[in-house]
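Index from 1, following the sequence. Heavy atoms only: backbone and side chains are in, while hydrogens, waters and symmetry mates are out.
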Amino acid sequence: MAANETRKLISISDTLPPHLREYLTKIRCIDLEKATPFLKCISYEVRGRRYQAIGFANLLGGYELRDNHSFKGTIAPKDITLIFTDKQTEHAIDKPLPVCVFEGFMDFLSFLSMKEEIASHCLVMNSVSNVARTVRYLNDRHLPHIRAFLDNDEAGRRATNDFVKAGFKVEDMSIHYKGFKDLNEFHVCRMRKQEQQKVQERTRMTVTEQKESKKSKQVKHKIR
């Protein structure tokens with residue numbers, strides 16, 4: 001899609017259609033129950049043609065868009081997204097928990113899916129181009145400590161260094177998914193392995209049950 005082709009917002013729905021829900025669960029391994037409160041179905045128009053996409057709202061009322069293929073886009077304006085948690089208020093004001101900073105909302109949804117609960121505030125930049133905006137926001141609220149869940153690429157490393165240069169205490173969380181493009185790719189790989197292990201375990205149990213059943217039949221036959 002050309003940069004000058006404006007997306008016209010048609011409608012916003014709380015209900016994602018089946019093909020987008022399937023994309024999130026099957027391809028991205030997202031826990032839909034946890035993710036749904038943060039997502040909308042965005043219907044938009046470009047040059048007379050209508051499309052649907054997963055929408056993730058930002059501070060200025062715009063939406064980050066993803067479909068079930070490879071499309072990434074925005075309904076302007078573009079901005080950062082903040083996710084607050086009541087757990088954070090349980091901690092002393094002078095000792096706030098680090099703010100978890102994500103490059104894109106699919107990484108945030110992966111984090112959400114991986115955790116039983118989230119105690120820290122989260123901030124989704126929606127693009128590494130929003131680093132300066134993120135810095136201003138965190139500085140204005142005197143939040144000096146962040147955990148950076150950014151991509152394992154040059155842009156992600158540069159953004160992490162920008163936070164360090166801006167004076168933040170930065171925990172580079174990308175070391176925990178080294179070898180993967182981003183947190184979502186790591187999450188998907190982990191979920192695939194867990195599913196494989198479950199399948200293997202079910203297979204082993206089935207084989208064991210068949211052997212036990214066969215032994216039982218042999219014993220009954222001998223008794224007769």
request  = Mind running side-chain contact (heavy atoms from CB on, under 4.5 Å) on Ile118 and Ile83 for me, showing each step along the way?
outcome  = CA-CA 10 Å; Ile118 296 177; Ile83 295 95; over 6 Å; no
request  = List the steps and the verdict of side-chain contact (heavy atoms from CB on, under 4.5 Å) for Asn58 and Ile80.
outcome  = CA-CA 5 Å; Asn58 63 41; Ile80 62 176; over 6 Å; no
message = What verdict does the side-chain contact (heavy atoms from CB on, under 4.5 Å) test give for Tyr51 and Ile42, after you've listed the backbone C-alpha separation in whole Å, the side-chain angles of each residue and the deciding distance to 0.1 Å?
response = CA-CA 8 Å; Tyr51 303 89; Ile42 304 296; over 6 Å; no
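Formation of a donor-acceptor pair under 3.5 Å by the Arg141 side chain with backbone atoms of Tyr137 is found in this model. Judged purely by atom type and a 3.5 angstrom limit, Lys34 uses its side chain to pair as donor or acceptor with the backbone of Lys115. Checking side-chain atoms of Glu185 against main-chain N and O of Lys181 turns up a donor-acceptor pair under 3.5 Å.
Residues Val170 and Ala148 share a closest heavy-atom pair of CG1-CB, 4.2 Å. Nearest heavy atoms, Leu65 versus Ala53: CB-CB, 4.0 Å. A pairwise comparison of heavy atoms in Ala159 and Val128 identifies CB-CG1, 4.2 Å as the closest pair. Shortest non-hydrogen contact noted between Gly179 and Asn152 is N-ND2, 4.3 Å. For Arg21 against Thr15, the heavy-atom pair with the smallest separation is NH1-CG2, 4.4 Å. Contact record, Arg28 with His187: O-CD2, 3.7 Å, taken as the closest heavy-atom pair.
The residue from Phe111, Phe56, Phe108, Phe105 that alone fulfils the ring pair (Phe, Tyr, Trp, His ring centres under 6.0 Å) condition with Phe38 is Phe108.
Between Phe149 and Tyr177, the angle of the ring planes stays under 30°, which puts this pair in the parallel group of the 30/60° scheme.
Atom CD of Glu195 and atom CD of Gln200 lie 10.5 Å apart (nearest 0.5 Å). Between the CD1 atom in Ile54 and the CG atom in Leu20 there is a gap of 5.0 Å [rounded to 0.5 Å]. Separation of atoms CG (Asp172) and CG (Leu150) is listed at 7.5 Å; rounding is to 0.5 Å. Taking NE2 from His121 and CG from Leu123, the interatomic distance works out to 10.5 Å, rounded to the nearest 0.5 Å. A distance of 11.0 Å separates CD of Gln194 from CD of Gln196, quoted to the nearest 0.5 Å. His145 NE2 to Leu138 CG: the interatomic distance, rounded to the nearest 0.5 Å, is 11.5 Å.
Within the 4.5 Å cutoff, no side-chain heavy atoms of Ile146 are placed close to those of Pro98. In this structure the side chain of Leu24 reaches within 4.5 angstrom of the side chain of Leu39, judged on heavy atoms. Between Val99 and Arg147 there is no side-chain heavy-atom pair separated by less than 4.5 Å. Within the 4.5 Å cutoff, the side chain of Thr134 has heavy atoms near those of the Phe163 side chain. Taking 4.5 Å as the limit, some side-chain heavy atom of His19 sits within range of a side-chain heavy atom of Gln52. Taking 4.5 Å as the limit, every side-chain heavy atom of Ile30 sits out of range of all side-chain heavy atoms of Thr25. Ser13 has its side chain out of reach of Ser43: every pair of non-hydrogen atoms, C-beta onward, lies at least 4.5 Å apart. The shortest distance between side-chain heavy atoms of Ser174 and Arg157 does not fall below 4.5 Å.
Taking hydrophobic clusters as Ile, Leu, Val, Met, Phe, Trp and Tyr residues chained together by side-chain heavy-atom distances below 4.5 Å, Met114 shares a cluster with Ile27. A continuous path of hydrophobic side-chain contacts links Tyr23 to Leu183 [ILVMFWY only; heavy atoms under 4.5 Å]. Put simply, Leu60 and Val124 are part of two different groups of oily side chains (I, L, V, M, F, W, Y) that touch within less than 4.5 Å, one to the next. When the side chains of ILVMFWY residues are joined at heavy-atom separations under 4.5 Å, either directly or via intervening members, Val188 and Leu32 end up in two distinct hydrophobic clusters. Linking ILVMFWY side-chain heavy atoms closer than 4.5 Å, directly or via other members, places Phe180 and Met191 in two distinct hydrophobic clusters.
A donor atom on one side chain and an acceptor atom on the other are found under 3.5 Å apart for Asn184 and Ser110.
Salt bridge absent: Glu103 and Arg158 never bring a charged side-chain N and a carboxylate O closer than 4.0 Å.
The neighbour count for Glu33 CD, taken as heavy atoms of other residues, nucleotides or ligands under 6.0 Å away, does not exceed 12. Under a cut-off of 6.0 angstrom, the local environment of CD in Glu22 is sparse, with at most 12 non-hydrogen atoms contributed by other residues, nucleotides or ligands.
Counting only residues at least two apart or in different chains, side-chain hydrogen bond (donor to acceptor under 3.5 Å, both in side chains) contacts with residues 60-84 comprise Glu64-Thr74, Glu64-Lys78, Thr74-Lys78, Asp79-Arg133, Thr81-Asn126.
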